[in-house]
K.L.:
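Just passing along the structure, written as structure tokens.
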2 protein chains.
Amino acid sequence: MTAETRWLTTTEERAWRGLLRMHDLLVNRTGRSMQDEFGLSATDYTVLAELTRAPDGRLRIQELSRVLEWEKSRVSHHLTRMVRRGLVSREECEDDRRGAFVVVTAEGRAAIAAAAPRHVEDVRRYFLDHLTPGQITLLAEIADVVVEKNVSGREAAP
Amino acid sequence: MTAETRWLTTTEERAWRGLLRMHDLLVNRTGRSMQDEFGLSATDYTVLAELTRAPDGRLRIQELSRVLEWEKSRVSHHLTRMVRRGLVSREECEDDRRGAFVVVTAEGRAAIAAAAPRHVEDVRRYFLDHLTPGQITLLAEIADVVVEKNVSGREAAP
DNA sequence: GCCAGATATATGACGTGTCAACTAACGTCG
DNA sequence: CGACGTTAGTTGACACGTCATATATCTGGC
């Protein structure tokens, strides 16, 4: 006994499909630069960004999992690959012997330092440069609202 | 001789990271419904949507590749999996013996017909319902601009 | 001190995406 | 006709993500 479906209006569909298409385009364009020119995937980049922002370039794996909002197994698999390529390394945790740290290697720091300026340029070239400051603000607000509504009540319930 | 990098302002970063986060949340939420309740991935859904919209539920594979903007090999791999699950089938092409058609099966039609109302509800629940009509229009415009600027000059150059 | 959960991480299987290489059929220009 | 470049589609290898499961350690009663 489902009520009649309220299909999407033209504008609603334009917003939804446009969001998906815009996202894919931007991810492809920015990702290709990073991959082709610096050998980093977008995910490598975010992992390195979190690590270099942390004191001593070290984080507990659970901590990384939390800030990135990635499943633990995803983090584990990804770190295995990054370790293999010399971007990070694992370290034991003295306090909690179950636990482990990830640490950026010198090579990892070099990689993200090299890639970061180009990445920011790409974000401007493919995305921000086509929008007015007003549109950028609007989009930031839209994203904040949607994220907040979807996240509250699922994690850290009051 | 690179100029100094113009790093992102707070708002710019909020827009960029917010876009990525919002997208991931929405894709996860809507994807999980479809997967758990109807056994379809988001990509299955879009393939079936294109096919059911086409006359006779048939499309040349190249045509599908073009409208979805997917690499040929991606299409091919995905169709192989969908065929295995009985959602679509391949047919030979008489006119051009290199070519092939994909056709939705009855099962495929049933699957998307069952999933569509729920999908639309999800798009509303997780996304549209949290925004004002003005914001939805704004977002549609933003997506259109960004997509248009990134696509023109790469395909179908004037 | 010990045992029953809970917690931190790793692993294997499998679906998905990309890239490069391959097969087969078209089209054309001599 | 026949060699040649192009087009349609497939395939295999490999990177990535998710799920279920395994292993080791911690923690809180008793």
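Below, read A as the first sequence line, B as the second, and so on, with proteins coming before strands; counting in each chain starts at 1. Quantities reported herein were computed from a predicted structural model and do not represent experimental measurements. Atom set for the values below is all heavy atoms of this structure, side chains included, hydrogens, waters and symmetry mates excluded.
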K.L.:
Calculate the interatomic distance between A:E71 atom CD and D:dA20 atom P; express it in whole Å.
P.N.:
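Distance, rounded to whole Å: 10 Å.
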K.L.:
Between B:R84 and C:dC14, is there a contact of a side-chain N or O with OP1 or OP2 at under 4.0 Å?
P.N.:
no
K.L.:
Can you tell me which nucleotide in D:dT10, D:dA20, D:dG17 comes closest to the side chain of A:T43?
P.N.:
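Of D:dT10, D:dA20, D:dG17, D:dG17 is nearest to the side chain of A:T43.
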K.L.:
Starting at the 5' end of DNA chain C, which residue's closest nucleotide do you reach first, B:R97 or B:R74?
P.N.:
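Upstream on the strand: B:R74.
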K.L.:
Does A:R90 have a side-chain nitrogen or oxygen under 4.0 Å from the phosphate oxygens OP1 or OP2 of C:dA10?
P.N.:
yes
K.L.:
Looking only at the side chain of A:S76 (C-beta and beyond, no hydrogens), which of the listed nucleotides C:dT18, D:dA8, C:dT11 gets closest?
P.N.:
C:dT11
K.L.:
Just how far, in rounded Å, is P of D:dC16 from OH of A:Y45?
P.N.:
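So the OH-P distance, A:Y45 to D:dC16, works out to 17 Å.
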K.L.:
Specify the separation, in whole Å, of atom CD1 of B:I61 and atom C1' of C:dA25.
P.N.:
15 Å
K.L.:
Would a 4.5 Å heavy-atom cut-off, applied to side chains only, mark A:T30 and A:F127 as touching?
P.N.:
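No, every pair of side-chain atoms sits at 4.5 Å or beyond.
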K.L.:
Answer yes or no: is there a side-chain heavy-atom contact under 4.5 Å between B:E91 and B:V102?
P.N.:
no
K.L.:
Under a plain distance cut-off of 3.5 Å, with no hydrogens placed, do B:R74 and B:H77 share a side-chain donor-acceptor pair?
P.N.:
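Their side chains do not contain a donor-acceptor pair, so the 3.5 Å distance test is not met.
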K.L.:
Output the rounded distance in Å from CH2 (B:W70) to C1' (D:dA8).
P.N.:
18 Å
K.L.:
Does this structure show an ion pair linking A:K149 with B:D129, if we count only N-O contacts that are shorter than 4.0 Å?
P.N.:
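No, this pair does not count.
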K.L.:
Side-chain N or O of B:R98 less than 4.0 angstrom from OP1 or OP2 on D:dA8?
P.N.:
no
K.L.:
Can you figure out which of D:dC16, C:dT16, D:dT18 approaches the side chain of A:H78 most closely?
P.N.:
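Nearest to the side-chain atoms of A:H78, counting from C-beta on, is D:dC16.
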K.L.:
Go nucleotide by nucleotide along DNA chain C from the 5' end; which of B:S41 and A:R60 gets its closest nucleotide reached first?
P.N.:
A:R60
K.L.:
What integer distance in Å separates B:R81:CZ from D:dT11:P?
P.N.:
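B:R81 atom CZ is separated from D:dT11 atom P by 13 Å.
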K.L.:
Can you tell me how far P of D:dG9 sits from CD of B:E91, to the nearest Å?
P.N.:
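My rounded result for the distance is 13 Å.
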K.L.:
Touch check for A:R85, heavy atoms < 4.0 angstrom, all strands: base, sugar-phosphate only, or nothing?
P.N.:
nothing
K.L.:
Could you pick out which residue, A:Q35 or B:A100, lies toward the 5' side of DNA chain D when each is mapped onto its nearest nucleotide?
P.N.:
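It is B:A100 whose nearest nucleotide is closer to the 5' end.
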K.L.:
Tell me whether A:H77 is stacked on the nucleobase of D:dT18, counting only the six-membered base ring and applying the 5.5 Å and 30° thresholds.
P.N.:
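Taking the rule of under 5.5 Å and under 30°, the ring of A:H77 does not stack on D:dT18.
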K.L.:
Rounded off to whole Å, could you give me the CD-to-P distance for the A:E63 and C:dT7 pair?
P.N.:
16 Å
K.L.:
Of the nucleotides C:dA8, C:dT9, D:dA8, which has the atom closest to the A:D96 side chain?
P.N.:
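That would be C:dA8.
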K.L.:
A:L87 versus A:R109: any side-chain heavy-atom pair under 4.5 Å?
P.N.:
no
K.L.:
Within this structure, what is the NZ-to-C1' distance between B:K72 and C:dC22, rounded to whole angstrom?
P.N.:
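After rounding, the reported distance stands at 15 Å.
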